[in-house]
Amino acid sequence: MAKKKVGIIGGGIVGTALGYNLSLYDSIDVTVFEKSQIGSGTTAKSAGTVCLFDDSLSNKYWDVRLYGFETFMNMEREEKGSAGFDNCGTLVVATDEEVENTIKTGIALAVSAGYSGDYLTDPDEIRKIIPDLSLEGVLGAGWTADDGYFDATMASNTFVKKMRANGATVLTGTKVEKVNISGGRVTGVETTKGSFDLDVVVDASGPWTRFTGKLAGLDLPIWHTKAEAFFLAPPKKKLDYRFPVLKYPRFYARPEGDNIFICKAHLTMDLSDEMHAGRWDPDKLPEKGGTDDYFLEFLFEQMEEHIPGFIDCGVSFSWLGYRAEPPDFMPILGDSAVDGYLLAIGCGGNGVIEGPTIGRDLAKYIATGEKTLLIEHLSLDRFEGQSLP
Ligand SMILES: Cc1cc2nc3c(=O)[nH]c(=O)nc-3n(C[C@H](O)[C@H](O)[C@H](O)COP(=O)(O)OP(=O)(O)OC[C@H]3O[C@@H](n4cnc5c(N)ncnc54)[C@H](O)[C@@H]3O)c2cc1C
């Protein structure tokens, strides 16, 4: 029987996780089209935190979080460094009861899966982990030494290495410029390196989705929020303790060599605030810089309140990325209005966590026609009849 030909637009963490999973099916012939380099889009700008528990992705999606974490850990086990894991642990601070409950549930889930997790209420215990914290108004903090952050570009390249070993094709420097549709059905794509006949095209183009969707005649409900990351240089050039991933409800931080990466939390962004959200052209993003004073001021206010020990840090560099956000801040997966044009879009601030599960579940749907609960739950249909912002 002829193989089903599947093309993926985008070689970020989502497109490469999907490509790898598709390459596991004998019935599929998969090609990834990446206009630039693998993992060079939003994936390269990510903090790469895949924590066992925090408040970035609801506990409702615990299995997604765990599968993401274990996929990258397995990569590391197969070949050290292949997912760029830094096992620095995570401290998640609770400033209100709702976050406290989220953390406590997260800890129970992590412990049930065999990982460590403790809810600390003694300020001295919390300060043993990060001495620079002010704990005024803090209820407690969840701590695990078992997780940390990954290098999502490295992980994307590892997915590519594995899918090529399975016979998949990965074309870099190859932009999809046209999606061919006949009788309401996808028949292929035109790229800067020629035409390809395809049975299925998957849009995994991250913040470029507004443009790629239009190639298929679709106006997809994706906004951008600004993800402005600042790299702080401690006053004495180096901290004299090991900084973990630190999560507060309104910002998060993690180590980056001797510097500290700090960013406003994505769920605090407001799609109706034009400082936070809009629809922009990701091709115009500079590699570094491009950030607004607004976000730096916000983060320094947060530091003054919560990490006063950091207030004398200098900013060594910064970058701006666009998160692709649907109205409910959850991805859009599966079918679109065009037969054969599938979606793996809108991963917002959690695409590294979500990429492995999206890849696994969407590959199964494409290969077998069976939808997992996640694909059903996160379909485009959920916005039908809604007035969107
Ligand atoms: C500052 C920041 C911090 C973040 N921190 C975290 C975090 O800690 N944890 C987490 O889980 N997530 C985090 N995220 C979110 C995460 O980075 C994204 O959700 C994820 O990288 C999205 O991956 P993607 O593959 O969908 O998109 P991308 O990585 O943007 O990949 C899309 C690719 O499509 C390609 N493309 C576009 N158009 C075309 C075309 N026409 N033809 C061919 N190729 C095309 C692009 O070149 C690009 O490489 C963060 C994001 C930012 C910006």
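Along the sequence shown, residues are numbered consecutively beginning with 1. None of these values were measured; they are calculated from a predicted model. Atoms within each ligand, like the ligands themselves, are counted from 1 in listed order.
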For T90 and D147, test the side chains for any donor-to-acceptor distance below 3.5 angstrom and give the result as yes or no. yes
Which ligand 1 atoms are under 4.0 Å away from a heavy-atom of T212? 38 (N), 41 (N)
For ligand 1, note which part of F211 has a heavy atom under 4.0 Å away: side chain, backbone, both or neither. neither
With only distance considered, is Q37 within less than 3.5 Å of ligand 1 through an N or O on each side? no
Would you say ligand 1 has an N or O under 3.5 Å from any N or O of I353? yes
Less than 3.5 Å between some nitrogen or oxygen of A47 and one of ligand 1, yes or no? yes
Determine whether any heavy atom of T174 lies closer than 4.0 Å to an atom of ligand 1. yes
Could you check F251, F231, Y149, F230 and say which one makes a ring-ring contact (aromatic ring centres under 6.0 Å, His included) with F261? F231
Nitrogen or oxygen atoms of W208 and ligand 1 under 3.5 Å apart: no
Where on A204 is there a heavy atom closer than 4.0 Å to ligand 1, on the side chain, on the backbone, on both, or on neither? backbone
the protein heavy atom lying closest to atom 31 (O) of ligand 1 turns out to be G12 CA, 3.5 Å
Go through the side-chain N and O atoms of D146 and Y115 and say whether any donor and acceptor fall under 3.5 Å apart. no
Hey, is ligand 1 close enough to G321 that some N/O pair sits below 3.5 Å? no
List ligand 1 atoms under 4.0 Å from G48, heavy atoms only on the residue side. 7 (C), 8 (O)
Among non-hydrogen protein atoms, atom 9 (N) of ligand 1 lies closest to T49 O, 3.0 Å
Taking 4.0 Å as the limit for heavy-atom contacts, which would you say applies to I9 with ligand 1: side chain only, backbone only, both, or neither? side chain
Does D118 pair with K104 as a salt bridge, N-O distance under 4.0 Å? no
Quick check: Y252 and ligand 1, any N/O pair under 3.5 Å apart? yes
Tell me whether R323 has any N or O atom under 3.5 angstrom from an N or O of ligand 1. no
